[in-house]
Amino acid sequence: LHDSLVFSYLSFSPIIEETAFFGSKFQFWIMAREPQATYEVERYVVADIDKPLVHPTHQKRYNSAEEVLGAKIIDVVQKRVIVDAMADASLLEGFEKIIQHNILSIPLWSVEKQQYICFLDRVDIMYHFLDILTDEEIRRGYSTFQEKFEHTKCEDVANVSKRNRFKPLEESASVRAAIGLICQWSVRRVPLIDGNGECCAVISQSRLASHFASNIVRFPFAATPISEFRLGFRDVFKVRKHDSARMAFQKMRDNASSAVAVVDDSDRLIDVLSVSDLKILGENMDKVHLITESVEEFVRLKSDRIPPVLVTPLDTVGHVSQLFLQDKIHRVYVVDSEQSRRPIGVIGLQDFLTLFLPKQQ
């Protein structure tokens, strides 16, 4: 295993310092020792031993759970140019930016207050969309959408979903403070404010989950089955594959959910529809009529279609954590067995993050 997957991949002689098994998952750290150089640590995850090695993630290494929790939040998220919009810009402009940059939300800047005041999220747009348009208007296509929304401002729609309260943190705050804020207020993302009072970065639930997953061996419950925490065990919002996509998105709204499970007539999980799939409707909502299609037809249009990610009650927290390291994985469905694939729960990013709150420690 080491010869074929590690030594041939790296040009230096590595030392395998730690290994950890989580069910079928094998995780190990490789530390390169070079003269007069700081140790560089790379973490690799092998989902299945006979499959290619996943590209390494370069992250700071922590020696204890306390170090993981006490790290500065700005060290966990990379500073980058913030994609934003004016609060009084048209909703069409805000939606176009979200789709063009393939992101879930953008902060809105208020000229009057000279600061960011809220987030505009895909879910907010979807809720407004469902409230305003009738099926007949949708079938008439983009022109109707444009007529309805060209005079609507971004700030009028922001936080319609009640899930994106604008709760900033100073960039010097700790990871512990960030997860406390996220779990207390159920916010999906937190803006980080620098010394000048400007937004320098946005930390998402996904990025925080990746931070903890990368250091999961530092926590004593890594090898604990999720059934012991009843992690994600709850009723799953489901739609049938023949239901309309609009009805599926309406169900998300009614239940304050960002996704629904798609099941067949035997209740077997076959797909997932989420708010991020709104991009199927086009950058300018020019394919808005597609929302009247069946869920089965709608999900077939996804260019980046990812099969549902499944676990069983016997899988460990460590195993689940490694699944969240994969790109675009925001939820993991708990099924009664791999054979029947009947969903009995769903582990979202916030569910996972609650494990690291002090009361769980």
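Values below: all heavy atoms of this structure, side chains included; hydrogens, waters and symmetry mates excluded.
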Worksheet item: If every non-hydrogen atom of I291 is compared with every non-hydrogen atom of A245, which pair is closest and at what distance?
Response: O-CB, 3.4 Å
How about [X]: does its [atom1] atom have over 12 heavy atoms from other parts shown lying under 6.0 Å from it?
X    : atom1 : answer
E112 : CD    : no
K72  : NZ    : no
E150 : CD    : yes

Side chains of [X] and [Y]: does their closest heavy-atom pair fall under 4.5 Å?
X    : Y    : result
I347 : I226 : yes
S186 : Q350 : yes
L273 : V239 : no
I117 : E155 : yes
V236 : I344 : no
D271 : K241 : no
I73  : L192 : yes
V334 : V346 : no

Worksheet item: Do H211 and Y62 make the cut of ring centroids closer than 6.0 angstrom?
Response: yes
Item to complete: Anything under 30° is parallel, anything over 60° is perpendicular, the rest tilted; go ahead and classify F298 against F249.
Response: perpendicular
Worksheet item: Angle class for the F352/F324 ring planes (parallel below 30°, perpendicular above 60°, tilted otherwise)?
Response: tilted
Fill in: side-chain contact (heavy atoms from CB on, under 4.5 Å) assessment of I179 paired with F212
CA-CA 11 Å; I179 62 168; F212 285 109; 3.7 Å; yes
Tell me whether [Y] is reachable from [X] by hopping between hydrophobic residues (I, L, V, M, F, W, Y) whose side-chain heavy atoms are closer than 4.5 Å.
X    : Y    : answer
F149 : V123 : yes
V263 : V309 : no
I203 : I193 : no

Worksheet item: Going by atom types alone, do S257 and N255 pair a side-chain donor with an acceptor below 3.5 Å?
Response: no
Item to complete: Find the distance between CG (L208) and SG (C183) and round it off to the nearest 0.5 Å.
Response: 9.0 Å
Worksheet, complete the sentence: Residues pairing under salt bridge (charged side-chain N to carboxylate O under 4.0 Å, His left out) where one sits in residues 122-131, two or more places apart or in two chains, turn out to be D131-R253
Worksheet item: Quick one: salt bridge (charged side-chain N to carboxylate O under 4.0 Å, His left out) pairs with a partner in residues 176-193, sequence neighbours left out?
Response: E66-R176, D121-R189
Worksheet item: Name the one of R341, R342, K238 that satisfies side chain to side chain donor-acceptor pair (under 3.5 Å) with D267?
Response: K238
Worksheet item: How far apart are the C-alpha atoms of V272 and V262, what are their side-chain angles, what is the distance that settles it, and do they pass the side-chain contact (heavy atoms from CB on, under 4.5 Å) test?
Response: CA-CA 5 Å; V272 178; V262 182; 5.8 Å; no
Fill in: Donor-acceptor pair, side chain of D264 and main chain of S266, under 3.5 angstrom
yes
Discussion item. Running the 4.5 Å side-chain criterion over Ile, Leu, Val, Met, Phe, Trp and Tyr, what cluster does F119 land in, apart from itself?
Written reply: I82, M86, W109, V111, Y116, F166, V202
